[in-house]
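Here is the structure we will look at.
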Amino acid sequence: MHSMPREPFSPLTEKTTHLGLKLTGYPFNQLISVQVFYSTMSLGGIMASHPVTPESPFDDQGLPLPYVRLEKPFVATEYAGPEYKEAKALEDAITLRGAMAQIERADPQDFLKSQDSERIFIGYIDLFLQSTWLIYELAARAVEKEKAVAFLAQGTTQGTEIYIDINQQSNCNEIPYVFHLTDGSSLPLEPYHDYDDLLIEDQLNKLAMSQRLVGIVQEVDCQGENGIAEDPDFCWRIYSIKTAGYICRC
């Protein structure tokens, strides 16, 4: 089991604190007594739609100009709220939050109609790539990685496939996860929410050697700023990647 995953940092909220707390059996009375992580996401976990498209404005690196997300962030102390009163441990609350997010996005038929096929639908999975640099150290910006992610949702009507293959890496459960593309390239991506991490980890633990976890990229958006109030030289980008998750044969 992973320690508590780090949801994306955003200067819109307090800086993320990675506590390294184990999820299983972690009691709420301890959870709310410490400074916990913050996320840029709303309670439901559904990302606002601001996709990168061919018509998006671009910067001098050929990358999409970012926007700043304005909605209220989800705070982990909300896991102690009435919505999660039946949860006995933090992992239970995270699982419930993930179920609520799936209900917002998935049709039950999505799960049922794929059960007898070679591509089994497991739910929607959100991922992210984060890039930070100082404005006077542009060479430190991960331009190539940003480009690889920014345009994943373009150029195909079916959606670009990214996948984790347990035959191609020694430890699939390390974050960031190494996702592969059909052209042979790879991308280090992190789960956007704690419940995305639980879903990925659970599915990887069930994979047979003849299977892989596949994400069909549906949408990519880019948020960030060039300079923030606390540090005008600090630049950041977070590329949010919406995928439909499947278990497929290799």
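Listed by chain and residue number, nothing satisfies the ring pair (Phe, Tyr, Trp, His ring centres under 6.0 Å) test with Tyr239 (two or more places apart in sequence, or in another chain).
Here His180 contributes atom NE2 and Arg212 contributes atom CZ; the two are 8.5 Å apart, rounded to the nearest 0.5 Å. In this structure, Leu96 CG and Tyr195 OH are separated by 11.5 Å, a value rounded to the nearest 0.5 Å. Summarising the geometry, atom SG belonging to Cys248 is positioned 11.5 Å from atom OH belonging to Tyr163; distances are rounded to the nearest 0.5 Å. Going from atom CD of Gln61 over to atom CD of Glu144 covers 9.0 Å, rounded to the nearest 0.5 Å. Put simply, CG on Leu199 and OG1 on Thr95 are 9.5 Å apart, with the number rounded to the nearest 0.5 Å. In this structure, CD in Gln130 is found 12.0 Å from NZ in Lys145, a value given to the nearest 0.5 Å.
Glu146 has its side chain within reach of Arg141: a pair of non-hydrogen atoms, C-beta onward, lies under 4.5 Å apart. At least one side-chain heavy atom of Leu65 sits under 4.5 Å from a side-chain heavy atom of Asp59. Side-chain contact between Tyr124 and Gln102: present, with at least one pair of heavy atoms (C-beta onward) separated by less than 4.5 Å. In this structure, the side chains of Val214 and Ile247 stay at 4.5 Å or more apart for every pair of heavy atoms. Side-chain contact between Tyr67 and Asp221 is present, with at least one heavy-atom pair separated by less than 4.5 Å. Here the side chains of Gln203 and Gln211 are not in contact, with every heavy-atom distance at 4.5 Å or above. The closest side-chain heavy-atom distance from Glu161 to Leu181 is not below 4.5 Å. The side-chain heavy atoms of Asp197 and Tyr192, taken from C-beta on, include no pair separated by under 4.5 Å.
Between Ala93 and Ala87, the closest heavy-atom pair is N-CB, 3.6 Å. Contact detail for Ser186 and Val178: the closest heavy-atom pair is CB-CG1, 3.9 Å. Of all non-hydrogen atoms in Glu225 and Pro66, the two that sit nearest each other are N-CG, 4.3 Å. Contact record, Ser131 with Ala142: OG-N, 3.6 Å, taken as the closest heavy-atom pair. Between Thr243 and Asp126, the shortest heavy-atom contact is N-OD1, 4.4 Å. Nearest heavy atom pair, residue Pro191 against residue Leu127, reads CA-CD2, 4.1 Å.
Between Tyr84 and Tyr79, the ring-plane angle classifies as perpendicular under the 30° and 60° cut-offs. Classified by interplanar angle (parallel below 30°, tilted 30° to 60°, perpendicular above 60°), the ring pair Phe151/Phe58 is tilted. Between Phe179 and Tyr177, the two ring planes are perpendicular [angle over 60°; tilted spans 30° to 60°].
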When you look at Lys147 and Leu63, which way does the side chain to side chain contact (heavy atoms under 4.5 Å, CB included) test go after all the steps? CA-CA 7 Å; Lys147 286 183 177 179; Leu63 288 160; 3.5 Å; yes
I would like to know whether Thr160 and Thr182 meet side chain to side chain contact (heavy atoms under 4.5 Å, CB included); could you show each step before the answer? CA-CA 9 Å; Thr160 301; Thr182 54; over 6 Å; no
Using the rule given for salt bridge (charged side-chain N to carboxylate O under 4.0 Å, His left out), can you reason through Asp92 versus Arg97, listing the C-alpha separation, both sets of side-chain angles and the distance that settles it, and then say yes or no? CA-CA 9 Å; Asp92 299 331; Arg97 182 184 171 210; over 6 Å; no
Please determine whether side chain to side chain contact (heavy atoms under 4.5 Å, CB included) holds for the pair Ile238 and Leu129, giving the CA-CA distance in whole Å, both sets of side-chain angles, and the decisive distance to 0.1 Å. CA-CA 6 Å; Ile238 292 175; Leu129 176 81; over 6 Å; no
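Cys235 pairs with exactly one of Ile135, Leu134, Thr132 by the side chain to side chain contact (heavy atoms under 4.5 Å, CB included) rule, that one being Ile135.
A distance-only check finds a donor-acceptor pair linking the side chain of Asp196 to the backbone of His193 [under 3.5 Å]. Asp202 contributes no side-chain N or O that, together with a main-chain N or O of Leu198, makes up a donor-acceptor pair within less than 3.5 Å.
Hydrophobic side-chain contacts under 4.5 Å tie Leu138 into a cluster, directly or through other members, with Trp133.
Under the 4.0 Å criterion applied to side-chain N and carboxylate O atoms, Glu201 and Lys206 are not assigned as salt-bridge partners.
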